[in-house]
Amino acid sequence: MFPQELTQLNQWLVWRFEPNGDKKPRKVPYYANGTRRHGKQGDEADRDALTSYEKAKSALEYGYQGLGFAFLPDDGLIGIDIDANADKELAAKIIGGCNSYTELSPSGNGWHIFVKGETKTFKDNDVGIEVFCSSQFFTMTGNKTRSEERRVGKECRSRWS
């Protein structure tokens with residue numbers, strides 16, 4: 001389902017939707033022990049509370065919507081989140097250029113890409129792209145865009161625009 005490179009890391013958690021006022025519900029991360037993720041992401045307490053893929057998967061029986069993967073400082077991973085409202089041609093260029101594990105987001109309309117590397121976290125709502133490195137988390141679905149994408153690629157090969 002997920003690349004072995006990811007399932008071997010103790011960076012897993014679970015998440016569920018929670019009300020967010022008049023806005024759409026938020027995807028809130030929880031540790032597999034049932035505690036809401038809190039404190040400084042990537043510090044010793046956070047790393048100790050994150051868990052294996054198997055333990056996080058077992059925690060799903062307690063009413064969570066899905067699995068999550070936490071990005072940590074110095075883990076060498078970058079997450080690219082392409083929203084459903086992003087330009088489809090640009091999204092295809094990014095996905096093709098990265099040639100890495102890509103899955104559909106929980107909505108089924110956006111994409112999450114994992115690549116190896118380091119960068120700064122940034123978000124561009126106008127384009128519909130958010131990049132995570134060293135913090136945040138991805139909601140995980142395992143709904144791969146192509147069956148051959150079972151590894152985390154080293155870097156994106158092409159420019160995005």
Side-chain angles (χ1 to χ4, degrees), residues 1-7 9-21 23-31 36-38 40-42 46-47 50 53 56-57 60 64-161:
M1 178 182 270
F2 301 110
Q4 187 176 16
E5 295 163 86
L6 299 178
T7 59
L9 299 173
N10 283 332
Q11 291 178 231
W12 291 86
L13 39 78
V14 291
W15 64 272
R16 71 171 151 227
F17 287 112
E18 292 188 358
N20 190 21
K23 300 177 186 177
K24 68 179 185 176
R26 292 179 18 169
K27 297 173 195 123
V28 179
Y30 283 79
Y31 299 115
R36 188 173 176 170
R37 190 176 190 200
H38 61 281
K40 185 173 184 204
Q41 294 180 13
D46 183 54
R47 289 174 187 262
L50 293 170
Y53 166 72
K57 195 166 84 169
L60 289 174
Y64 297 100
Q65 268 77 42
L67 294 169
F69 184 88
F71 293 93
L72 297 173
D74 303 318
D75 68 3
L77 294 171
I78 299 170
I80 303 169
D81 182 6
I82 305 173
D83 292 336
N85 65 347
D87 177 89
K88 301 303 180 221
E89 186 176 322
L90 177 60
K93 283 182 183 180
I94 295 169
I95 293 167
C98 290
N99 190 32
S100 188
Y101 178 76
T102 303
E103 66 175 36
L104 291 171
S105 64
S107 70
N109 297 314
W111 301 268
H112 293 161
I113 307 169
F114 281 86
V115 293
K116 294 177 184 173
E118 296 289 332
T119 191
K120 293 184 179 185
T121 296
F122 69 89
K123 183 175 186 172
D124 188 326
N125 287 330
D126 293 332
V127 176
I129 295 173
E130 190 168 4
V131 174
F132 302 125
C133 189
S134 301
S135 65
Q136 302 292 9
F137 80 105
F138 264 174
T139 54
M140 302 292 288
T141 65
N143 295 329
K144 298 182 289 294
T145 58
R146 295 189 316 241
S147 62
E148 68 272 20
E149 292 173 346
R150 293 194 174 121
R151 63 174 182 75
V152 177
K154 292 190 178 174
E155 59 191 35
C156 292
R157 292 188 317 251
S158 65
R159 296 195 53 85
W160 294 356
S161 57

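- To the nearest 0.5 Å, atom SG of residue C98 and atom CD1 of residue I82 are 7.0 Å apart.
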I would like to know whether W111 and I95 meet side chain to side chain contact (heavy atoms under 4.5 Å, CB included); could you show each step before the answer? CA-CA 9 Å; W111 301 268; I95 293 167; 3.7 Å; yes
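- Residue K120 holds its NZ atom at 11.0 Å from SG of C133, rounded to the nearest 0.5 Å.
- Not one N or O on the side chain of E130 forms a donor-acceptor pair closer than 3.5 Å with the backbone of D81.
- Minimum interatomic distance between I78 and V131 (heavy atoms only, all atoms of both residues): CG2-CG1, 3.6 Å.
- The line from NZ of K116 to CG of D75 is 11.5 Å long, rounded to the nearest 0.5 Å.
- Judged by distance alone, with hydrogens and angles left aside, the side-chain atoms of D83 form no donor-acceptor pair with the main-chain N or O of N85 at under 3.5 Å.
- Side chains of Y101 and I113 form no contact here, defined as non-hydrogen atoms less than 4.5 Å apart.
- For K40, the NZ atom is loosely surrounded, since the number of other residues' heavy atoms within 6.0 Å does not exceed 12.
- Here the CG atom belonging to N109 is positioned 8.5 Å from the CG atom belonging to L104, to the nearest 0.5 angstrom.
- H112 and S105 make their closest contact through NE2-CB, 3.9 Å (heavy atoms, listed as atom of the first residue, atom of the second, distance).
- A cation-pi arrangement is found for R16 relative to Y30, the charged atom lying closer than 6.0 Å to the ring centre and inside a 45° cone about the ring normal.
- Taken to the nearest 0.5 Å, the CG atom of L50 stands 7.0 Å off from the CD atom of Q11.
- For F132 and F138, the ring centers sit closer than 6.0 Å to each other.
- Summarising the local packing, CD of E18 is surrounded by more than 12 heavy atoms from other residues, nucleotides or ligands at distances under 6.0 Å.
- Under the 4.5 Å side-chain criterion, counting only non-hydrogen atoms from C-beta, R26 is not in contact with W15.
- Closest heavy-atom contact between A56 and V14: O-CG1, 3.4 Å.
- Scored by the side-chain contact (heavy atoms from CB on, under 4.5 Å) test, T7 finds F2, Q4, W12, Y53 as partners (sequence neighbours excluded).
- Judged purely by atom type and a 3.5 angstrom limit, N99 has no side-chain atom pairing as donor or acceptor with the backbone of G96.
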Where do Q65 and L60 land on the side chain to side chain contact (heavy atoms under 4.5 Å, CB included) test, with the steps shown first? CA-CA 7 Å; Q65 268 77 42; L60 289 174; over 6 Å; no
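- The nearest pair of heavy atoms linking A86 to G128 is CB-O, 3.9 Å.
- The side-chain contact (heavy atoms from CB on, under 4.5 Å) test applied to T141 returns E103, P106, N143, not counting sequence neighbours.
- No donor-acceptor distance shorter than 3.5 angstrom exists from the side chain of N20 to the backbone of K23, with no hydrogens or angles considered.
- Residues R37 and F137 form a side-chain contact, since some pair of their non-hydrogen atoms from C-beta on lies under 4.5 Å apart.
- Interatomic distance, Q136 CD to T121 OG1, rounded to the nearest 0.5 Å: 7.0 Å.
- Residues P73 and R47 form a side-chain contact, since some pair of their non-hydrogen atoms from C-beta on lies under 4.5 Å apart.
- Side-chain contact check for L72 versus D46: some heavy-atom pair is nearer than 4.5 Å.
- Listed here is the closest heavy atom pair of F69 and L13: N-CD1, 4.3 Å.
- Proximity of L90 to I129: side-chain heavy atoms (C-beta onward) are separated by under 4.5 Å at one or more points.
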